[in-house]
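Down below is the structure, laid out as structure tokens.
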Amino acid sequence: MILPVHALVRTRLQHALTHTFGIPEAEQPDIAIETPPRRALGDLAVPVAFELARRLRRAPRAIAQELAAALGEVPGVARIEPAANGYVNFYLDRRSFVLARLRGTVPALPLTDTGKVIVEHTAINPNKAAHIGHLRNSALGDALVRLLRFQGRPVEVQNYIDDTGVQVADVVIGFSELEGRDFEGVKALADDPAVRFDYYCWDLYAKVTEWYEGDKARLQVRAQAMHAIEEGGNPLAEMGAFVADRIVRCHLRTMARMNVDYDLLTWEGDILRLHFWTRAFEELKALGAVFLQTEGRLAGCWVMKIEDDTAATDAPAETAAADAPASPRQELDEEPREDQREKVIVRSNGTVTYVGKDIANQFWKFGLLGKDFFYRVFDERGGRPLWATTSDAPSGGPLAPSFGHASAVYNVIDSRQAYLQELLKQSLSTMGFPREAERSTHFSYEMVALSHATARELGYADTEGLGKPFVEVSGRKGRGVKADDLLDRLIATATGEVMQRQPELPAAEARVIAEAIAVAAVRYFLVKFSRGKVIAFDIQEALSFEGDTGPYLQYAVVRANNIFNKLRERDGVDADTITAELDTLSPDALTEGDDADELWGLVLEASRLDEVVDSAIRALEIAHLAKFAFTLAQSFNTFYHRQPIMREERADVRLWRAAAVAYCKRQLTQALALMGCEVPGRM
RNA sequence: GCGUCCGUAGCUCAGUUGGAUAGAGCGUUGGCCUCCGAAGCCAAAGGUCGCAGGUUCGAAUCCUGCCGGGCGCACCA
């Protein structure tokens, strides 16, 4: 945990800037605290002298020197040195730093915001099996949840279930029109243990798509089905509800394999039945944000005007080159834009689009709707209830906790829906809630596609996209890698690897270990790329357990744990007894020589977990955490090879090394846990 | 066309809200298992950071314009 040290150093610097340099705090630049590129340059580096150079009209070097002198003694800092180029470098007191971290006596920084955060992720249409694209959403969303909780923030995880959309309707049509099944027929199929219901629907959904293409008039059937489902109280609606329920249960099982969990399932049908939309609609109408279009192609629809606030009306004149000629663009573009865009909220047939329902839902999340759901227990895992919304008042049963009323909301959805998410924010601010609009965050990420090699392997290569850099996943066309198939393959591969290394292990145990390895492999793979990058999913690459992979990280921790197993066996000591002994030892092994520098470097690096979590949340980049964990595992492996513990005869050196490893493995285990990965006992 | 994201080593990607000598994985080549587990470690080769201007003490990073590509711009979600 390094942030408390940052906070102290920053405070002292601000103090010095105020009192020695006479700069009031409000006018001070932000003080960045960096990690120097080489250990010899110190443990923390501050480039603030560069910022001040122009303002003070002095060389950065001179400022750095005066600043370093003005700081005086700082608790926990051994020395402060102004570098020749203008950096101020801090060297920490290694011994006290290590001891405090091992003993957990570092006081946590106070939370600046304690309000509840709602994170909505997964939100898979409940009409088919989950695929690799959905997995990216869940891996990112679940990691965000874990990071926020790590910081001590209360988090509510919601999974939105779109049970009244076209996709469920399509599968219902597949069952009723293409297969001639009634409710009982579908139920019999779903209850058949030989049938994987979500896989069955995957194929059926693709067939329905083809069926529509065969005759566009069949789209009429879809419109009718959607209407029936939204209305309720008819056989199609019953079938739809059944399909959604069963598929959601499949998704929950798949996600449970991935260590992904939720607090609440929000069912779209409840938003309709409880008239959430009606309430939101009334307000939007009253404010004129939504109006009935009477002419043009959207006649008969209730529409919302789309604010084009991204238009380049405010020219960045200040930043443009001073000698650049004045742009005549302003004058030329004076014509009124006739392409003013409008988004349909209520269709001419009276049904509500996704946007409308989502607006109501977003208002509810912030506690702004003045209505609430009823709640029911949908399922149990480990004795804890998983709650779902419902439209009927419950009769008895456990009392539901308070849902909603968030102070901040993160919606984890891929970047293709950026435009819809922008509408959500827009409607919040039009309705007079700019603060909530501000705290409505679209956690956007790019889609997962298939590499050409993988598409070919799955038999999709000849379909399309040969000229493109990747092959797009399409649930509608039944093209993609199913999440459970991927996990099964990873487990099979991992089982082979485990049995090869641990031949005496019972198959059941090998299987449990293989599952942990498989989960780490997928989850790490899905978060290690920054979110703005399209992942061209390659199955061979994902199946690898070497190099920059989840299993590599697990392996590092397993090795570290092995050292402690052996120390316990041979010397009868564990991390706690070692920690207790450190007081009496000379700190030379920590301070003198290259080995000491390396050992210290490992501890310092491991301590940066809180800093990395902070950065990951601010940038919404789980990849920062992944990179940190990988680099730390690399450093550990290097240390492991260069500085043995069991074979080390000098007791003080041995114990300091063991202490460093204890801290490193604790931090690495934590980092893995934040990505939803567990570490097996051996592998 | 408008909006948005991406372009860094053969391939896949990092690059800490402008900072110290551009890094890693895979692949290639060559080493290391009587030595805490080789899912590992060490070393070598590999770069006009898409192009051109600009801002700055300093630019892969910020600005402008191009080039190439992805995605979005439905009475789907």
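In the text below, chain A, chain B and the rest are named by the order of the sequence lines, each starting its count at 1.
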Please report, rounded to the nearest Å, how far the C1' atom of B:A38 is from the CD atom of A:Q634.
16 Å
Does a nitrogen or oxygen in the side chain of A:R501 sit under 4.0 Å from OP1 or OP2 of B:A39?
yes
Closest to side chain of A:D30, choosing from B:A77, B:U17, B:A39
B:U17
Quiz question: going by heavy-atom distance under 3.5 Å, is there a donor-acceptor pair between the base of B:A39 and the side chain of A:N637?
no
Partner set under side chain to side chain donor-acceptor pair (under 3.5 Å) for A:Q554, not counting sequence neighbours:
none
Contact string for nucleotides 27-36 of chain B, one letter per nucleotide 5' to 3', B = base within protein heavy-atom range under 4.0 Å, S = sugar-phosphate only, - = neither, reads --------SB
Closest to side chain of A:E497, choosing from B:A39, B:A20, B:A77
B:A39
Assess whether one donor atom and one acceptor atom, taken from the side chain of A:N125 and the base of B:A77, lie less than 3.5 Å apart.
no
Rounded distance in Å - CG (A:D414) to C1' (B:C6)
16 Å
Side chain of A:T638, base of B:C41: donor and acceptor closer than 3.5 Å?
no
Between B:U8 and B:G47, how far is it from one C1' atom to the other, in whole Å?
8 Å
Could you check which of B:C75, B:G37, B:A20 has an atom nearest any side-chain atom of A:V344?
B:C75
A:L423 CG to B:C73 C1': how many Å, rounded?
11 Å
Between A:R682 and A:E504, does at least one N-O distance fall below 4.0 Å, as a salt bridge requires?
yes
Choose from B:A77, B:C41, B:A39 the nucleotide whose nearest atom is closest to any side-chain atom of A:Q417.
B:A77
List the protein contact pattern of nucleotides 11-16 of chain B with one symbol per nucleotide (5' to 3'): B for base contact, S for sugar-phosphate-only contact, - for none; contact means a heavy-atom distance under 4.0 Å.
-SSSSB
A:F545: what forms a ring-ring contact (aromatic ring centres under 6.0 Å, His included) with it, not counting sequence neighbours?
none
A:F630 meets the side chain to side chain contact (heavy atoms under 4.5 Å, CB included) criterion, sequence neighbours left out, with A:Y524, A:D548, A:Y552, A:L553, A:Q634
I'd like the C1' distance from B:A74 over to B:C11, given in whole Å.
38 Å
Between C1' on B:U4 and CD on A:Q421, what's the gap in Å once rounded to a whole number?
15 Å
With sequence neighbours left out, what residues match A:D162 under salt bridge (charged side-chain N to carboxylate O under 4.0 Å, His left out)?
none
Using the test side chain to side chain contact (heavy atoms under 4.5 Å, CB included), find all partners of A:E598 that sit at least two apart in sequence or belong to another chain.
A:T638, A:F639, A:R642, A:Q643
Spacing of A:F50 atom CZ relative to B:U56 atom C1', expressed in whole Å:
13 Å
Which side-chain N or O atoms in residues 29-39 of chain A pair as donor and acceptor under 3.5 Å with protein atoms at least two apart or in another chain?
unit_1, atom_1, unit_2, atom_2, d
A:R39, NE, A:D43, OD1, 3.4

Considering only side-chain heavy atoms of A:I517, which listed nucleotide, B:A39, B:C57, B:A20, is closest?
B:A39
Euclidean distance, atom CE of residue A:M447 to atom P of B:G72 [Å, nearest integer]
7 Å
Identify the residue among A:E120, A:H121, A:E268 that makes a side chain to side chain donor-acceptor pair (under 3.5 Å) with A:Y160.
A:E268
Those residues that, when tested against A:E541, pass side chain to side chain contact (heavy atoms under 4.5 Å, CB included) (two or more places apart):
A:F525, A:F529, A:D538
A:F443 pairs by side chain to side chain contact (heavy atoms under 4.5 Å, CB included) with which of A:V412, A:I413, A:N411, A:D414?
A:V412
Can you check whether A:S444 has a side-chain N or O nearer than 4.0 Å to OP1 or OP2 of B:C5?
no
Qualifying residues under side chain to side chain donor-acceptor pair (under 3.5 Å), relative to A:R54, sequence neighbours excluded
none
Should A:Y354 be listed as having a side-chain N or O under 4.0 Å from OP1 or OP2 of B:A77?
no
Between C1' on B:A20 and CZ on A:R61, what's the gap in Å once rounded to a whole number?
15 Å
Syn or anti for B:C33, with syn set at within 90° of 0?
syn
Is A:D595 salt-bridged to A:R657, cutoff N-O under 4.0 Å?
yes
For the pair made of OH in A:Y419 and C1' in B:C2, what is the distance, rounded to whole Å?
12 Å
RNA chain B in dot-bracket form (Watson-Crick or G-U pairs under 3.5 Å, [ ] crossing, | inter-strand) is (((((((..((((.....[...)))).(((((.......))))).....(((((..]....))))))))))))....
Out of B:A77, B:A20, B:U56, which has the shortest distance to the side chain of A:D162?
B:A77
Between the base of B:U21 and the side chain of A:R38, is there a donor-acceptor distance below 3.5 Å?
yes
Could you tell me which residues satisfy side chain to side chain contact (heavy atoms under 4.5 Å, CB included) with A:E546, sequence neighbours excluded, listed by chain and number?
A:S544
